[in-house]
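The analysis underlying the following values was restricted to heavy atoms, covering all of them including side chains, and did not include hydrogens, waters or symmetry mates.
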Amino acid sequence: MIHTVRTGCPRFRMDPEHRALLRTHRLQLSGELLVSDTVVPLLFQEDILSEAQVEEIEAQPTNRRKCLKLLDLLPSRGPRAFDCFLRSLQDFSWVRDKLLLDLQTPTGPARPDVRLPDSVLQEVPPDRVLSRLASRLGSEWESVLMDLGLSAEDLFRCRSDHQLSTHAAVLAGLVQWRRSGGKTATVQRLVKSLQEAGVHASVLEDVLL
């Protein structure tokens, strides 16, 4: 029997704060969790994941990619998904405690706004800008690309195609985003994803100005 969770209405979606927390800790979670033994079975038992989604997760070739696939699915699985995910981390209490601590910790002062002219913000960034940005991004590059809309499979392909150069992998992902987004792939959209990933606004200012 296939279980489903309705997601078309806002009251059936995960809380934005919980979505943001999972995105922020995406890389840490994929490196520390073994999801097949307890996490996925509990989420299936609680009707968060469907049979088809469990099969999709388990079909991934590595544990890291299984976890990334689970994190791709969770935000669309309803308001109960986050709490059930926390309960599924009984064998990973240090991960659960870190997530709970971050939820309870004030985010601090707002990041400074990017001081760029509107004309620049509405532009589609050229190769030169994307290349310079790729050279400035650190470990947060995957979070940036995920926020821009790339999937876990897209990131895996970027890494696989450019195993010897992180810069080339990041640039390939940025170019893919620009190609897919067309006229909506603007500097302003890029700024939003950089801020969501915690990248300081000065990084993009340095690249563009």
Side-chain angles (χ1 to χ4, degrees), residues 1-7 12-103 137-164 166 169-170 172-174 176-177 180 193 196-198:
M1 177 180 178
I2 302 297
H3 301 279
T4 60
V5 175
R6 292 176 292 175
T7 60
F12 293 118
R13 297 173 186 163
M14 181 180 286
D15 184 283
E17 185 179 11
H18 295 161
R19 281 205 311 271
L21 188 68
L22 291 180
R23 182 173 59 239
T24 298
H25 290 280
R26 181 180 179 81
L27 298 184
Q28 176 196 352
L29 292 171
S30 67
E32 296 191 23
L33 296 182
L34 303 174
V35 300
S36 293
D37 292 341
T38 57
V39 177
V40 168
L42 188 142
L43 291 173
F44 175 70
Q45 174 185 305
E46 293 295 325
D47 207 21
I48 300 300
L49 296 175
S50 68
E51 286 184 27
Q53 288 169 331
V54 171
E55 292 172 1
E56 187 178 5
I57 292 168
E58 294 301 331
Q60 302 304 310
T62 66
N63 185 72
R64 176 182 172 85
R65 293 191 67 189
K66 287 177 182 178
C67 187
L68 288 172
K69 175 57 67 176
L70 172 62
L71 294 174
D72 284 344
L73 295 170
L74 275 180
S76 66
R77 302 308 295 166
R80 295 175 50 247
F82 184 78
D83 288 339
C84 288
F85 176 64
L86 288 182
R87 286 199 288 111
S88 76
L89 300 180
Q90 55 188 350
D91 293 335
F92 304 92
S93 57
W94 67 95
V95 176
R96 181 190 60 212
D97 292 346
K98 169 64 176 171
L99 293 175
L100 288 172
L101 179 63
D102 279 12
L103 273 179
L137 290 178
S139 59
E140 68 278 352
W141 70 271
E142 292 190 356
S143 296
V144 172
L145 292 177
M146 290 294 297
D147 193 75
L148 287 171
L150 272 69
S151 66
E153 288 75 11
D154 292 330
L155 295 187
F156 179 78
R157 193 176 306 111
C158 289
R159 289 192 299 266
S160 298
D161 292 347
H162 305 281
Q163 297 182 28
L164 302 180
T166 300
V170 180
L174 290 171
Q176 180 178 338
W177 159 70
S180 300
S193 291
E196 288 289 345

Practice task
Measure the spacing between OG of S50 and CZ of F44 and express it to the nearest 0.5 Å.
Solution key: 8.0 Å

Problem - Test side-chain contact (heavy atoms from CB on, under 4.5 Å) applied to V144 and D147, step by step - result: CA-CA 5 Å; V144 172; D147 193 75; 5.9 Å; no

Exercise for the section: Would you please test T166 and R159 for side-chain contact (heavy atoms from CB on, under 4.5 Å) and show each step? Expected result: CA-CA 7 Å; T166 300; R159 289 192 299 266; over 6 Å; no

Practice task
Quick one: pull up CG in L43 and CZ in F85 and give me the separation to the nearest 0.5 Å.
Solution key: 7.5 Å

Problem - Minimum heavy-atom distance between D72 and A152, given as atom pair plus value - result: OD2-CB, 3.4 Å

Problem - Distance-minimising heavy-atom pair for L22 and F82 - result: CD2-CE1, 4.0 Å

Exercise for the section: Evaluate the side-chain proximity of I48 to Q53: yes if any heavy-atom separation is below 4.5 Å, no if none is. Expected result: no

Completion exercise
Of all heavy-atom pairs linking S30 and C67, the shortest is CA-SG, 3.6 Å

Fill in the blank from the handout: Here the pair of heavy atoms bringing F92 nearest to L34 is CZ-N, 3.4 Å

Problem - Polar side-chain atom of Q60 near backbone of E56 as donor-acceptor pair, under 3.5 Å - result: yes

Problem - side chain to side chain contact (heavy atoms under 4.5 Å, CB included) partner of L155, chosen from Q176, R65, M146 - result: M146

Exercise for the section: Answer yes or no: is there a donor N or O on one side and an acceptor on the other, between the side chain of R19 and the main chain of P75, under 3.5 Å? Expected result: no

Practice task
Taking the side chain as every heavy atom from C-beta outward, state whether N63 and L33 have any atom pair closer than 4.5 Å.
Solution key: no

Exercise for the section: State whether E142 and R64 are salt-bridged, where the test is any N-O pair (Lys NZ or Arg NE/NH1/NH2 against Asp/Glu carboxylate O) under 4.0 Å. Expected result: yes

Practice task
Answer yes or no: is there a side-chain heavy-atom contact under 4.5 Å between K66 and V39?
Solution key: no

Problem - Any donor-acceptor N or O pair under 3.5 Å, side chains H18, D83 - result: no

Exercise for the section: Please check if the side chain of R80 supplies one atom and the backbone of E46 the other of a donor-acceptor pair under 3.5 Å. Expected result: yes

Exercise for the section: Any chance you could measure Q45, atom CD, to C84, atom SG, to the nearest 0.5 Å? Expected result: 9.5 Å

Practice task
Please name the pair of heavy atoms, one in S143 and one in R23, separated by the smallest distance, quoted to 0.1 Å.
Solution key: OG-O, 3.8 Å

Problem - Carboxylate-amine/guanidinium contact R96 D91, below 4.0 Å - result: no

Handout entry: Side-chain donor or acceptor of D15 paired with backbone N/O of P79 under 3.5 Å
Key = no

Problem - Side chains of T38 and Q90, donor plus acceptor under 3.5 Å - result: no

Handout entry: R157/D154 ion pair, N-O < 4.0 Å
Key = yes

Handout entry: Nearest non-hydrogen partners of L74 and M14, listed with the distance
Key = O-CE, 3.4 Å

Handout entry: Whether E32 side chain and L29 backbone form a donor-acceptor pair below 3.5 Å
Key = no

Problem - Student check: side-chain heavy atoms of F156 and L68 closer than 4.5 Å - result: no

Practice task
First locate atom CG of L145, then atom OG of S193, and finally report the distance between them rounded to the nearest 0.5 Å.
Solution key: 8.5 Å

